[in-house]
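Okay, so here's the structure we're looking at.
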Amino acid sequence: MAETNPTDTIETALANLRDSFLPRFRAADTEQALRDENAKILGKKGELTAILKQLGRAPAESRKAIGEKVNAFKQEVEAGFGSCLKNLQRLEREAELSAPPFDLTLPGRAPVLAGHKHPVAMVREDVVAIFRQLGFAVFDGPEIEHEENNFTRLGFPPDHPATDMQDSFWTTSGKLLRTHTSNIQIRAMTTIEPPMAFIAPGTVYRRDDDATHSPQFHQIEAFLVDRNVTLAHLKGVLAEFAERLYGPGTPVRLRPSYFPFVEPGAEVDIGCVFCKQANQTRAGCNICKHTGWIEILGCGLIHPVVFENCGIDPEQWSGFALGMGLERIAMLRYGIPNIKLLFENDPRMLAQF
Ligand code: PHE
């Protein structure tokens, strides 16, 4: 058998490739398939490279002619690739245009998890709104407070348990995280002249931690100083507040109690909002512990010593103060059994309000 001439072999292989590449390109029905086919021919490990590897065996005088053919072939392939690509893109565009159009009138999809107001924030907004309607301003104050404003001028004796390291959070510089919003009473009375009527919503801290107590919680203080303020004014405001927060006819009662900065002092109960058994002989529910009443806040008339500690003449001025815990009010309003649920902020729990 006659030995094959390398020049002929290369030229035959090139001719075969030239005959087959266009049908192969045309058979590709996606852009990716077309690009793959192109790479199989012109790529580094492609069929053309394989053919050119034999070039070294061809006589030097025929290499130039082969090189020219190869270049011409490459241009043909590139041109074929370009026109097939254009054709595919045109087909794709036509398919898009003839597909059913978007319905721009379809309603949008709502996000799965929408944000919610926190139950404590909702209660705070309601309580603030009620007192604003009654004519109270809104005051703010610091959470890191001097002992003076948090305890001393409010008439706490130095050995009062609340001042103990065990009960309050003290900083190394002798200040503490305020244990109540009553510090705002002192800040107000030492900076503005009576008469005054304000509320002070805020965050407070105590070393307490169980199902109904959290080391950080929220209070709202209401405070009023004027001439000839009596317990009747306080009771009037309380009755109005209870009706506006819990509905008309909500019963209110005051039970004598002790706070160092008021005299007399009282705790305020409202008729149980769950069993509504206040003033009745029938037993109530578990939430009011079968008494028919639920405690919601502490209050009293401002102690003359507190006025004196702030440079206000108790012969000329009198007033009342009341303070409530917002978590407690939120738990009662929404029937939330454990205060921890209010601080974990599980979206599944918040979404229920
Ligand atoms: N500061 C008191 C507390 O935190 C509540 C209170 C405020 C009581 C105003 C009387 C008057 O328990």
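Just so you know, these numbers use all the heavy atoms, side chains as well, and skip hydrogens, waters and symmetry mates. Whatever order the structure lists ligands and atoms in, that order sets their numbers, starting from 1. The model shown is predicted, which means the values in this text are computed figures rather than measured ones.
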Side-chain atoms of residues 329-340: list all donor-acceptor pairs with protein atoms under 3.5 Å, sequence neighbours left out, distances to 0.1 Å.
| residue | atom | partner | partner atom | Å |
| --- | --- | --- | --- | --- |
| R333 | NH1 | D126 | OD2 | 2.9 |
| R333 | NH2 | D126 | OD2 | 2.9 |
| N338 | OD1 | K340 | N | 2.8 |
| K340 | NZ | D209 | OD1 | 3.0 |
| K340 | NZ | D210 | O | 3.3 |

Name the atoms and distances for all side-chain donor-acceptor pairs under 3.5 Å in residues 67-78, with sequence neighbours left out.
| residue | atom | partner | partner atom | Å |
| --- | --- | --- | --- | --- |
| K69 | NZ | E11 | OE2 | 2.8 |
| E76 | OE2 | R18 | NE | 3.1 |

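Only the backbone of L322 comes within 4.0 Å of ligand 1, counting heavy atoms alone; no side-chain atom from C-beta on gets that close.
Per-residue contacts place Q219 under 4.0 angstrom from the following atoms of ligand 1 (heavy atoms of the residue considered): 3 (C), 4 (O). Less than 4.0 angstrom separates some heavy atom of R206 from each of these atoms of ligand 1: 3 (C), 4 (O), 12 (O). Contact atoms of ligand 1 toward S182: 1 (N), 7 (C) (distance under 4.0 Å to a heavy atom of the residue). Applying the 4.0 Å criterion to heavy atoms of E221 picks out, from ligand 1, the atoms 7 (C), 9 (C). Per-residue contacts place G323 under 4.0 angstrom from the following atoms of ligand 1 (heavy atoms of the residue considered): 6 (C), 7 (C), 9 (C).
Atoms NZ and CD1, on K289 and I287 in that order, are 10.0 Å from each other to the nearest 0.5 Å. The NZ atom of K175 sits 10.0 Å away from atom CG of N149, with the distance rounded to the nearest 0.5 Å.
Heavy atoms of F261 approach ligand 1 to within less than 4.0 angstrom.
Taking 4.5 Å as the limit, every side-chain heavy atom of C288 sits out of range of all side-chain heavy atoms of W293.
Ring geometry for F21 against F25 counts as perpendicular: the plane angle is over 60°, on a 0 to 90° scale with 30° as the lower cut.
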